[in-house]
Protein chains: 2
Amino acid sequence: MSRDGKTEQSIKDAAKKIFLRKGFSGARMQDIADEAGINKALLHYYFRSKEKIFDQVFQEALETFFPRIIEVINSDLPLFDKITVFVREYITTLTQHPYIPLFILHEISQDPQRLIQKLISMQNEFRPQKFIAQIQTEIKAGMIKSVSPVQFIINMLALCIFPIAGKPMIQGVLGLDEIQYRLLLEQRITEVPKLLIDSLKP
Amino acid sequence: MSRDGKTEQSIKDAAKKIFLRKGFSGARMQDIADEAGINKALLHYYFRSKEKIFDQVFQEALETFFPRIIEVINSDLPLFDKITVFVREYITTLTQHPYIPLFILHEISQDPQRLIQKLISMQNEFRPQKFIAQIQTEIKAGMIKSVSPVQFIINMLALCIFPIAGKPMIQGVLGLDEIQYRLLLEQRITEVPKLLIDSLKP
DNA sequence: GTCTATAATTTGATAGAC
DNA sequence: GTCTATCAAATTATAGAC
């Protein structure tokens with residue numbers, strides 16, 4: 001039955017849900033089977049091992065975490081527009097996939113080689129070289145302050161990613177409920193670009 | 001032997017090292033025993049269970065992650081000085097304990113209740129209420145722009161914590177070696193306060 | 001393809017000698 | 001206090017019926 005790959009897809013969906021929340025070592029094959037509404041044996045029938053299922057999930061998570069960024073970042077938009085669009089798109093994407101950032105950070109920290117591997121196999125597709133060059137050009141033209149492009153990119157990523165990855169901590173310490181937090185993230189879509197662009201003005 | 005608690009301390013040190021790197025579910029009692037140069041039975045002799053050892057580690061990690069901040073943040077320093085000192089102290093502390101941020105974020109994400117629990121038992125000692133009030137006072141006095149204190153604090157934390165928590169990812173994507181990364185973090189000690197203070201100027 | 005039953009391995013925890 | 005040996009439970013993986 002379901003020659004069409006319906007079962008395989010439901011396994012993938014279940015695996016994604018469990019792995020993203022619990023990480024590799026915290027996830028249980030039984031959890032995934034339960035979530036998919038099947039039994040453990042079938043997991044091994046479709047994918048040979050836990051490691052193999054995880055690889056798929058990790059790959060897809062990386063593709064959500066990175067390439068959407070790179071598309072904007074390697075586009076031909078003017079610098080300030082690019083910053084504005086990037087922040088909006090990225091915060092929006094991560095808000096829709098809130099477990100992705102911490103999952104990626106945690107798993108890469110467990111095994112940095114895993115990322116290096118993917119970067120090579122994707123031929124460094126998501127290295128922001130063009131963006132760095134664009135910043136340098138603007139500096140030389142005297143259009144913006146003489147900042148370190150790498151530092152600027154780290155600032156931009158930090159301001160977008162941290163509020164998602166650190167949500168439970170921030171909520172706990174600042175005592176914010178879900179509604180307040182959603183509002184706060186929405187505000188950041190306009191406030192973060194302002195901050196970043198201001199930091200570039202001479 | 002070692003009636004003086006030498007063994008207990010070496011277990012704590014070993015547990016800290018292993019748990020901080022691998023997280024609760026990724027850590028193995030055997031790893032901790034090996035690291036401490038003893039056997040598993042002795043772990044259970046000193047601490048009853050894995051959970052109990054972990055609690056100690058988590059507690060200490062929280063105390064590294066939070067209170068040092070709060071001391072500065074609840075001090076009587078003028079706002080701009082406070083920001084400068086906070087960033088310097090915090091980046092320095094986290095650089096010395098690079099596994100702490102991701103460990104805390106990950107474990108809180110696994111079980112947000114664990115943080116809430118600690119916050120209660122510490123009577124919200126590290127809630128930045130005083131800092132928020134200080135920002136509001138400066139706004140009313142017309143000394144700084146009318147910003148959201150919560151957003152400002154999130155920015156400050158993001159710019160300090162993310163470069164440490166995301167180090168392996170950033171290194172991979174931007175292709176930076178250890179020396180370059182250390183230099184980059186050092187630069188941030190002066191650059192991040194500038195950025196934050198600029199964002200407050202009317 | 002999907003299930004039940006079970007094997008094989010890992011891992012947290014304990015018993016008991018020294 | 002510390003060790004060796006071992007248990008019991010949990011967990012990944014497979015065999016084999018349908």
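Labels below follow one simple rule: chain letters A, B, ... track the order of the sequence lines, proteins then strands, and each chain is numbered from 1.
Remark: C1' of C:dG1 and CG of A:L43 are 13 Å apart, rounded to the nearest angstrom. Following rounding to the nearest Å, B:K50 (NZ) and D:dA10 (C1') show an atom-to-atom distance of 12 Å. Between the CD atom of B:E8 and the C1' atom of D:dG1 there is a distance of 12 Å, rounded to whole Å. For the pair B:K52 NZ and C:dG12 P, the interatomic distance rounds to 16 Å; values are reported in whole Å. In this structure, the CG atom of A:D34 is 15 Å from the P atom of D:dA10, given to the nearest Å. When the P atom of C:dT2 is taken as reference, atom CD1 of A:I38 falls 8 Å away, rounded to whole Å. Atom CD in B:Q9 sits about 15 Å away from atom P in D:dG1, given to the nearest Å. Between A:K22 atom NZ and D:dA10 atom C1' the separation is 14 Å, expressed in whole Å.
A cation-pi arrangement is found for A:K50 relative to A:F24, the charged atom lying closer than 6.0 Å to the ring centre and inside a 45° cone about the ring normal.
Comparing C:dT2, D:dC3, C:dA13 by their closest approach to the side chain of A:L42 singles out C:dT2. With distances taken from any side-chain atom of A:T7 to the nucleotides D:dT2, C:dT2, C:dA13, the minimum falls on C:dT2. The nucleotide whose nearest atom lies closest to any side-chain atom of A:M29 is, among C:dG12, C:dT2, D:dT12, D:dT12.
In plain terms, the two heavy atoms of A:S199 and A:V147 that are nearest each other are O-CG1, 4.2 Å.
By the 6.0 Å contact criterion, CD on A:Q129 is enclosed, its count of non-hydrogen atoms from other residues, nucleotides or ligands being greater than 12.
In this model, a donor atom of one side chain and an acceptor atom of the other lie less than 3.5 Å apart for B:Q59 and B:E63.
For A:R28 and D:dT12, the shortest distance from a side-chain N or O to OP1 or OP2 is below 4.0 Å. Put simply, A:N39 has no side-chain N or O that comes within less than 4.0 Å of OP1 or OP2 on C:dT2. Neither OP1 nor OP2 of C:dG12 sits under 4.0 Å from any side-chain N or O of B:S49. A close approach under 4.0 Å does occur between a side-chain nitrogen or oxygen of B:Y46 and OP1 or OP2 of D:dT2. For the OP1/OP2 pair of D:dA13 and a distance below 4.0 Å, the side-chain nitrogens and oxygens of A:H44 include at least one atom meeting the criterion.
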